[in-house]
Amino acid sequence: MRTTLMDRRGFLASAGVAFVSALQPRTAQALNRADAVFASAYRAEDGTFGVAMLTEQGDLLETYPLPARGHDIVPRPEHSEIIVFARRPGIFAVAVELQNRRTPTVFQCANDRHFYGHGCFSVDGRLLYSTENDFEGARGIIGIYDATNGYKKVGEIPSGGVGPHDLQLLPDGRTLVVANGGIETHPDFPRAKLNLASMEPNLVLIDARTGDLLTKVSLPADQRKLSIRHLAMQADGTVWFACQNQGDPSAAFPLAGSMDRYGNVTMLRLGESAWAKLRGYVGSIACSQNGERVILTSPRGGVALDIDTMRQFVSEVHFESDVCGAAINGERMFLTSGAGKAGSYIHPIGFDNHVFVASSTQ
């Protein structure tokens, strides 16, 4: 779960008359009742793309257009701005101002790079870090962009592996944790995986100020085809991670685990039947602030697993198809699907892989 922008009352107050008056009466009423607002990228029936703002019931509040398919959404701390990254191997990201509807800022990575769809901000919101592919050098890098200067790129550091996908900033405000999926790709072969026989996924801790690699943790040899893709962080800095099996999807390998701030990894110990329901693929992960609850979704399996990590107890939430986006707000779970389901509503748009809490009173 990502850091919230502001509470609902603050969101309404700072958005002002222009934002509220632009909403249809039913939509404005839904926002007034909401305890949380969520955001997700989507694809419309006419083939256009955008970002949708939703209540915890699934009411569609507002949409913002995108030039192409979006993936993850990152809130800028202490601002009402969000960053939407293009889906891998996209080359653009969009900064959307949620309150005053100024023209979005579209920026791109360098010509010999592409985004992997994820990023995070520095604590002060001045710098944006993004996972990128140096595809000619077959290495992962973390791009650094200045949010105070139109998101001009100001530097980059090695990601510590190949195919960096997700990353987050630990509560110390200095350490980046990166999920290097281990898969080599090239934009000339957009979705091809070029090194499955030799892939080496890992989790790394990096000093964001110096670029120094502090810790590197690889999975055991028999699990090296578990591409580490997505992260969720609890309040104490423990990071939960989720994997996608590039080998036999029916193999009962654990597809998720946690890493503490010292680099100690513990895999979730669920029964083989629970892992089998995910069909070798976790599309998104969310955790509670205390880490006692983790949500794993599988669009391939059409299922979300709601896990009590203390008791290793699994509850299942079945969707009709393509469930992937997951967030936890307080004690409540919020899920979205590529078939248009959000909360208790079904919309004529398909939601992308991720959803985050944009504002909350929790």
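N202 has its side chain out of reach of V217: every pair of non-hydrogen atoms, C-beta onward, lies at least 4.5 Å apart. Between L226 and L255 there is a side-chain heavy-atom pair separated by less than 4.5 Å. For the pair F49/P65, no side-chain contact is recorded, criterion being any heavy-atom separation below 4.5 Å from C-beta on. In this structure, F253 and N245 have side chains that are in contact, with non-hydrogen atoms separated by less than 4.5 Å. For the pair I82/F356, a side-chain contact is recorded, criterion being any heavy-atom separation below 4.5 Å from C-beta on. A 4.5 Å side-chain heavy-atom check between L231 and V177 finds at least one atom pair inside the cut-off. T55 has its side chain within reach of L61: a pair of non-hydrogen atoms, C-beta onward, lies under 4.5 Å apart. Put simply, the side chain of T63 reaches to within 4.5 Å of the side chain of Y42, judged on heavy atoms.
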Salt bridge (Lys or Arg N to Asp or Glu O under 4.0 Å), that's the test. Do D134 and R139 meet it? Break it down for me.
CA-CA 5 Å; D134 169 8; R139 68 187 182 110; 2.8 Å; yes
Let me see the working for N195 and I183 under side chain to side chain contact (heavy atoms under 4.5 Å, CB included), right down to the final yes or no.
CA-CA 6 Å; N195 67 331; I183 300 175; 4.0 Å; yes
For side chain to side chain contact (heavy atoms under 4.5 Å, CB included), just list the numbers for E132 and H114, CA-CA rounded to whole Å, side-chain angles, deciding distance to a tenth of an Å, and then say yes or no.
CA-CA 5 Å; E132 300 181 17; H114 70 67; over 6 Å; no
Please lay out, stage by stage, how I228 and N180 fare under the test side chain to side chain contact (heavy atoms under 4.5 Å, CB included).
CA-CA 6 Å; I228 306 173; N180 287 300; over 6 Å; no
Let me see the working for Q234 and S288 under side chain to side chain donor-acceptor pair (under 3.5 Å), right down to the final yes or no.
CA-CA 6 Å; Q234 62 189 68; S288 60; over 6 Å; no
Should V94 and T105 be marked as a side chain to side chain contact (heavy atoms under 4.5 Å, CB included) after you check the CA-CA gap, both sets of side-chain angles, and the distance that decides it?
CA-CA 6 Å; V94 182; T105 299; over 6 Å; no
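Clustering ILVMFWY residues whenever any of their side-chain heavy atoms sit less than 4.5 angstrom apart, transitively, puts L268 in the very cluster that holds M259. By the rule that hydrophobic residues join a cluster once side-chain heavy atoms approach within less than 4.5 Å of another member, I141 and L128 end up as members of separate clusters. I307 and F313 are not part of a single hydrophobic cluster, where members link through side-chain heavy atoms under 4.5 Å apart. Both I157 and V154 belong to a single network of hydrophobic side chains, linked directly or stepwise wherever heavy atoms of I, L, V, M, F, W or Y lie under 4.5 Å apart. I83 and I91 sit in two unconnected hydrophobic clusters of ILVMFWY residues. Membership requires side-chain heavy atoms under 4.5 Å apart, directly or through other members.
Counted within 6.0 Å of CG on N149, heavy atoms from surrounding residues, nucleotides or ligands total more than 12; the atom is thus considered enclosed. Around the CZ atom of R261, the shell of radius 6.0 Å holds no more than 12 heavy atoms that belong to other residues, nucleotides or ligands. Atom CD of E200 sits in a sparse spot, with 12 or fewer heavy atoms from other residues, nucleotides or ligands closer than 6.0 Å.
For the pair S227 (side chain) and G181 (backbone), a donor-acceptor distance under 3.5 Å is present. Judged purely by atom type and a 3.5 angstrom limit, S298 has no side-chain atom pairing as donor or acceptor with the backbone of G302. Using modelled atom types, no side-chain atom of N329 and backbone atom of R332 make a donor-acceptor pair closer than 3.5 Å. The backbone N or O of E292 sits less than 3.5 Å from a side-chain atom of N290, completing a donor-acceptor pair. A donor-acceptor contact shorter than 3.5 Å is absent between the side chain of D352 and the backbone of H354. No donor-acceptor distance shorter than 3.5 angstrom exists from the side chain of D207 to the backbone of G211, with no hydrogens or angles considered. Proximity of a side-chain donor or acceptor of T297 to a complementary backbone N or O of S284 within less than 3.5 Å is detected. A donor-acceptor pair under 3.5 Å is formed between the side chain of S344 and the backbone N or O of Q57. When atom types are taken as modelled, the side chain of N353 and the backbone of H71 share no donor-acceptor pair closer than 3.5 angstrom. Under the 3.5 Å distance criterion, the side-chain polar atoms of E156 are left unmatched by any main-chain donor or acceptor of I142.
Of the inter-residue distances, the one linking R293 atom CZ with T309 atom OG1 reads 11.0 Å to the nearest 0.5 angstrom. R229 contributes atom CZ, which lies 8.5 Å from atom OH of Y116 (distance to the nearest 0.5 angstrom). To the nearest 0.5 angstrom, S218 atom OG is 11.5 Å from Q223 atom CD. Note that the SG atom of C109 and the CZ atom of F85 stand 10.0 Å from one another [nearest 0.5 Å]. Remark: T336 OG1 to L54 CG distance equals 8.0 Å, nearest 0.5 Å. Distance check, rounded to the nearest 0.5 Å: CG of L270 to CG of L296 gives 7.5 Å.
For P171 against M233, the heavy-atom pair with the smallest separation is CD-SD, 3.9 Å. Of all heavy-atom pairs between W275 and A252, the closest is CD1-O, 4.3 Å. Nearest heavy atoms, S321 versus S337: O-CB, 3.5 Å. In this structure, C287 and I328 approach most closely via the heavy-atom pair C-CD1, 3.6 Å. Summarising the geometry of M267 relative to V265, their closest heavy-atom pair is SD-CG1, 4.1 Å, with the distance given to 0.1 Å. Residue L60 comes nearest to A52 through the heavy atom pair CD1-CB, 3.6 Å, listed as atom of the first residue, atom of the second, then distance.
Ring geometry for H347 versus Y345: interplanar angle under 30°, hence parallel rather than tilted (30 to 60°).
Aromatic pair Y145/F107: centroids less than 6.0 angstrom apart. Aromatic ring centroids of F38 and F334 lie under 6.0 Å apart. For H186 and F135, the distance between ring centers is under 6.0 angstrom.
Between E184 and K193 there is no salt bridge, since none of the side-chain N atoms of the basic residue sits less than 4.0 Å from a carboxylate O of the acidic one.
Judged purely by distance below 3.5 Å, without hydrogens or angles, the side chains of D166 and H230 never pair a donor atom with an acceptor atom.
The side-chain tip of R279 does not point at the ring of Y281 from less than 6.0 angstrom away and within 45° of straight on.
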